[in-house]
Amino acid sequence: MIPYGKQWIAQEDIDAVVRTLKSDFLTQGPAVPAFENAVAKKVDARFGVAVNSATSALHIAVKALGVGPGDRIWTSPITFVATANCARYCGADVDFVDIDPDTFNMSAAALERKLHEAELQGVLPKVILPVHMCGQSPEMGRISELATRYGIRVVEDASHAVGALYEGRPVGNCAYSDITVFSFHPVKIITSGEGGMAVTNDLRLADTMTSLRSHGITRAPDKMTGPSDGPWYYQQLTLGYNYRLTDIQAALGLSQLERLETAVGRRHELAERYDSALEKLPIALPVRRRNTYSAFHLYVIRLKDATKAFHRNVYEFMRDNAIGVNLHYIPVHLQPYYETLGFRYGDFPEAERYYGEAITLPLFPLMSEADQDEVVRVLTEALKNCAR
Ligand SMILES: *Cc1c(COP(=O)(O)O)cnc(C)c1O
């Protein structure tokens, strides 16, 4: 099976991990701050807070922004469930903004309409959480303008998009948001095994997130409520978690970061190869917006006017022929858990239409051109032969 995504582990990654295993610290040592600083520098943000997953990063990000019971978070229905779940962890409500059918990102036009209505009804969100679907930035300029107009905070879920650019500047520079979150799961752009990071330019948010990732505990005398009892002393100031990244993971992440541009560059080469090979097929290919440079985490095609049966037949035909296609994502509002919260089929028609047509083709830096040609061959055959 040719997988849809796969990590790229080089000898230098293995060496870096082994060096850490032989060092004094497996966790809470020097590799984590080094990784935080390197990522922050790479994406042009002031601070990085490393955690054990992007899910944890999303949780502490919205928590640091004060999200709690009675608040609302709006995100895209086309994302991994974790993006919405972070609101639920805080006891807040979730709502969704339908997608732009070309980019599969939250539609800024739909957001504008929904904000207008929400203001009239007194149900504005506290945080908007756009997702950089497939690695391509949403319309952050417009989203940020709208958020400012209504006094709403913005967190970017850039789990797919480390190494991407928007308006010529790195995604993660937080020019349009309070916090940006990255994932280092093995299928993403770079990996630390499991891992994530929240980056921000706001010192207070960085401090709060740093505290939340480690039990709400501080050892800094200037942050304590009173004088220290002695050199052993620490204080728990809030209710935090153990969301720490290990030094073993950070060492891997740091080593991977060295190849970020190479990895994203190779993804673009392969994406362009797909573009020309698939051009004549009756499918919609990924649309690149002029002001973005995608990290190309995913190469998603849409079948045109597909029946449910045809979509499924094409998908199964490819799987049966050893092509590990995937589907990103099942609209979050149609998950049974979210249906218990009142969402229904029909709530977000563009997302639902997308779900009936989308297929993720394999794409990862180490994919060979021969494997890619095989994907093209099988897809061509599937579109020709599958029952409609
Ligand atoms: C992968 C992913 C997450 C969760 O990342 P983890 O590091 O696995 O917790 C969140 N949002 C999106 C859009 C993702 O793709």
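One-based numbering, in listed order, for ligands and for the atoms of each. Every heavy atom of this structure was used, including side-chain atoms; hydrogens, water molecules and symmetry mates were not.
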Contact atoms of ligand 1, heavy-atom distance to [X] under 4.0 Å:
{"X": "Thr79", "answer": "13 (C)"}
{"X": "Thr83", "answer": "11 (N)"}
{"X": "Ser159", "answer": "2 (C), 3 (C), 10 (C), 11 (N), 12 (C), 13 (C), 14 (C), 15 (O)"}
{"X": "Tyr329", "answer": "15 (O)"}

Would Phe184 and Phe35 count as a ring pair (Phe, Tyr, Trp, His ring centres under 6.0 Å) if you check the C-alpha gap in whole Å, the side-chain angles of each, and the deciding distance to 0.1 Å? CA-CA 12 Å; Phe184 307 125; Phe35 185 41; 5.2 Å; yes
State whether the shortest distance between N or O atoms of Phe184 and N or O atoms of ligand 1 falls below 3.5 angstrom. no
Counting both backbone and side chain atoms, is some N or O of His185 under 3.5 Å from an N or O of ligand 1? no
[atom]: the protein heavy-atom neighbour that sits closest, reported with distance to 0.1 Å:
{"atom": "atom 9 (O) of ligand 1", "value": "Thr55 OG1, 2.5 Å"}
{"atom": "atom 11 (N) of ligand 1", "value": "Asp157 OD2, 2.7 Å"}
{"atom": "atom 14 (C) of ligand 1", "value": "Lys188 NZ, 3.1 Å"}

Can you tell me if [X] and [Y] form a side-chain donor-acceptor pair at under 3.5 Å?
{"X": "Thr225", "Y": "Gln235", "value": "yes"}
{"X": "Ser255", "Y": "Glu12", "value": "no"}
{"X": "Gln7", "Y": "Thr191", "value": "no"}

Checking [X] side chain against [Y] main chain: does a donor-acceptor pair fall under 3.5 Å?
{"X": "His160", "Y": "Cys134", "answer": "yes"}
{"X": "Ser192", "Y": "Leu252", "answer": "no"}
{"X": "Glu352", "Y": "Tyr354", "answer": "no"}
{"X": "Asp98", "Y": "Ala351", "answer": "yes"}

Give a yes/no verdict on whether any heavy atom in His297 is under 4.0 Å from an atom of ligand 1. no
Heavy-atom gap Gly195 to ligand 1 smaller than 4.0 Å: yes
Option set Met197, His160, Met133, criterion heavy-atom distance to atom 15 (O) of ligand 1, minimum: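 Looking at heavy atoms only, the winner is His160.
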